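Given the structure is predicted, the values throughout are model-derived calculations rather than measurements. In what follows, chains are A, B, ... by sequence order, proteins preceding strands, each numbered from 1.
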Protein chains: 2
Amino acid sequence: MPPSDGAEKTGTRAEMREEIERTILDAAERVFAEAGFGGATMQAIAEVSGLPKANLHYYFASKEGLYRRVVERIFTIWLGAADSFETSASPEVALRQYITRKMALSRSHRHGSKVWASEVMHGAPIIQDYLETTLRDWTDSRIAVIRRWISAGQIAPIEPRWLLYMIWATTQHYADFAHQIETLNQGPLDDAQWQQATDTVCGIILRGVGLGTAAAQTQGASQGASQGAFPGPLPQAGAA
Amino acid sequence: MPPSDGAEKTGTRAEMREEIERTILDAAERVFAEAGFGGATMQAIAEVSGLPKANLHYYFASKEGLYRRVVERIFTIWLGAADSFETSASPEVALRQYITRKMALSRSHRHGSKVWASEVMHGAPIIQDYLETTLRDWTDSRIAVIRRWISAGQIAPIEPRWLLYMIWATTQHYADFAHQIETLNQGPLDDAQWQQATDTVCGIILRGVGLGTAAAQTQGASQGASQGAFPGPLPQAGAA
DNA sequence: AACAGACTTGACCAACCAGTCAAGATTGTT
DNA sequence: AACAATCTTGACTGGTTGGTCAAGTCTGTT
């Protein structure tokens, strides 16, 4: 593991401090992702960041404190992508955009996704409050949006909660299980494969919620009919 | 954590040994799932299993050896479920049965799923060979089956690989992220919710691959036309 | 130049952990 | 009953880890 470079030595005191903290957080994110919280050592993080161990403790009081900051940073990035689930857009555009952006995040922030997954798998000891407040609020609001789509007959009457879990699971799988995917693929996915995977996921999900036939490749699809436009039968979940 | 009971003191020498080993493996699976390999301690496993720590080392030489046995046991169970992807059945039956069984496994073997996920996330240091041999073979054979379905026009022309990943991701999410799901749900999923989630996942996937309209609720669906029966357009992945 | 506060770091320590061991208890066999 | 093999377990150990600390260095200010 080579040091993650080091573009220090410029800027004000506060800027330099922020930059060093970011360097440490990047290294920590990677080590926590690869070894888990218990398996990660401050020494390993020190080596990846290119700083002596004692220096880490100058910026972050404890291993747990550093870990907490890593997880909080990831959650913030996730929330940013979550906003692409535009409440105003059509179902096609909203779902396609959200899935696409989450797939991109899985590609660019593999380590972060793993840390989040690991944290949740171990019972979310650090970020339980985030789950109960921010994440629950976000989830509830998107479920309400999806229910409105269903009421308007824009998509099939599926239970929104399981749809959201499906999107989370599928997109994050490409980060969390990247090693398995790359083993089966005999190498990292290339640009075309990422594009194809994203398209396939979008296609299955959109068709899966009843937006199959024509489908909006980009923006500006079926905007107009706001009642009873959904064709199919599919009596399933109980939605108002 | 209470000891996992203890129904010992019966059977032959070999049977008792096997039973104690199973008790230890169960405890280890749980502790590894909850704390990760690095965070788990032999002492914790000893307490959960109700045995003194030195006794664990009598049955399993090392922590890593015990961990390896835990992971191998999980993989075996997984392969069993994987066989429900009957190559002879129709797409509807095969997919529905496979998804249903994987969802059931996520409910009954939460800890095992987490250990597997954790192992893969950390680069599969222990079971890399399983990924390269058994898992790759299984995956290739199922991809071939799906391609045949596509060629026969039974399902939409999606890239089979991404479909398989989607099924794995979605079903295992209910085990690996059970804590997050239960937090958002304010309690464990009940029977009806598991049933609804399974139905929703089956519905989205089946419709997503073009088996939407009528759909086979149980067995014996559209068996007959073996060429060009698929209706929709959807030019997407390149399949022979 | 002199001073103060911010930063750096090698050396150190108490706590903890996987694994060992030897003495004893239990069980099957003759 | 006597013996051997298997199993049990408290006490111990060498190595590792998170965290500390004091002696320094650097940087901005007057």
Side-chain angles (χ1 to χ4, degrees), chain A residues 1 3-4 6-25 27-32 34-71 122 125-126, chain B residues 1 3-4 6-25 27-32 34-71 122 125-126:
Chain A
M1 296 187 195
S4 63
E8 289 95 28
K9 280 190 176 163
T10 41
T12 69
R13 211 63 174 255
E15 280 168 351
M16 280 186 63
R17 181 172 186 116
E18 217 170 312
E19 188 166 340
I20 292 177
E21 284 187 0
R22 197 175 18 211
T23 300
I24 296 173
L25 285 169
E29 183 172 298
R30 183 163 148 189
V31 173
F32 282 134
E34 287 172 355
F37 178 80
T41 67
M42 293 298 276
Q43 186 57 47
I45 297 171
E47 276 159 22
V48 171
S49 65
L51 268 46
K53 182 169 74 96
N55 211 343
L56 266 56
H57 278 100
Y58 177 76
Y59 287 98
F60 297 92
S62 68
K63 182 187 177 185
E64 187 180 315
L66 174 57
Y67 175 74
R68 186 185 299 269
R69 285 282 301 276
V70 167
V71 176
H122 297 1
I126 302 293
Chain B
M1 298 186 192
S4 63
E8 288 95 30
K9 278 188 178 164
T10 43
T12 70
R13 212 61 174 255
E15 281 168 351
M16 280 185 62
R17 182 174 184 116
E18 216 171 313
E19 187 166 342
I20 293 178
E21 283 187 1
R22 193 166 351 124
T23 301
I24 296 172
L25 285 169
E29 182 173 299
R30 183 163 148 188
V31 173
F32 283 135
E34 286 171 355
F37 179 80
T41 67
M42 293 298 275
Q43 186 57 48
I45 297 171
E47 278 159 21
V48 170
S49 65
L51 268 47
K53 181 169 74 95
N55 211 342
L56 266 55
H57 278 100
Y58 177 76
Y59 287 97
F60 297 92
S62 69
K63 183 187 176 184
E64 187 180 316
L66 174 55
Y67 176 74
R68 187 185 297 267
R69 286 282 301 274
V70 168
V71 176
H122 298 1
I126 302 293

Quick check: closest heavy atoms across Val48(A) and Ala27(A), and the distance to 0.1 Å?
CG1-CB, 3.6 Å
For the OG1 atom of Thr41(A) and the NZ atom of Lys53(A), what is their distance to the nearest 0.5 Å?
9.0 Å
Once you round it to whole Å, what is the distance between C1' of dT8(D) and CD1 of Ile24(B)?
12 Å
Decide yes or no on side-chain contact (heavy atoms from CB on, under 4.5 Å) for His122(A) and Glu34(B), but give the supporting numbers first.
CA-CA 5 Å; His122(A) 297 1; Glu34(B) 286 171 355; over 6 Å; no
Residue-phosphate contact under 4.0 Å: Arg17(B) side-chain N/O, dT6(D) OP1/OP2
no
What is the distance, rounded to the nearest whole Å, between atom CD of Glu21(A) and atom C1' of dA6(C)?
14 Å
Between dT6(D) (P) and Glu19(B) (CD): distance, integer Å
20 Å
What is the distance, to the nearest angstrom, from the CG atom on Leu66(B) to the C1' atom on dC17(C)?
15 Å
As a test of understanding, state which of Leu66(B), Ile24(B), Thr23(B) forms a side-chain contact (heavy atoms from CB on, under 4.5 Å) with Tyr59(B).
Ile24(B)
Proximity to DNA chain D (any heavy atom under 4.0 Å), residues of residues 35-43 of chain B only:
none
So Arg22(A) and Glu19(A), do their side chains get closer than 4.5 Å, heavy atoms only?
yes
Geometric cation-pi criterion Lys63(A) and Phe37(A), 6.0 Å radius, 45° cone
yes
I'd like to know whether Glu64(B) forms a salt bridge (Lys or Arg N to Asp or Glu O under 4.0 Å) with Arg68(B), so could you lay out the CA-CA distance, the side-chain angles of the two residues, the decisive distance to 0.1 Å, and finally the verdict.
CA-CA 6 Å; Glu64(B) 187 180 316; Arg68(B) 187 185 297 267; 3.5 Å; yes
Proximity to DNA chain C (any heavy atom under 4.0 Å), residues of residues 53-65 of chain A only:
Ala54(A), Asn55(A), Tyr58(A), Tyr59(A)
Step through the shown structure and confirm whether more than 12 heavy atoms of other residues, nucleotides or ligands are within 6.0 Å of CD on Glu21(A).
yes
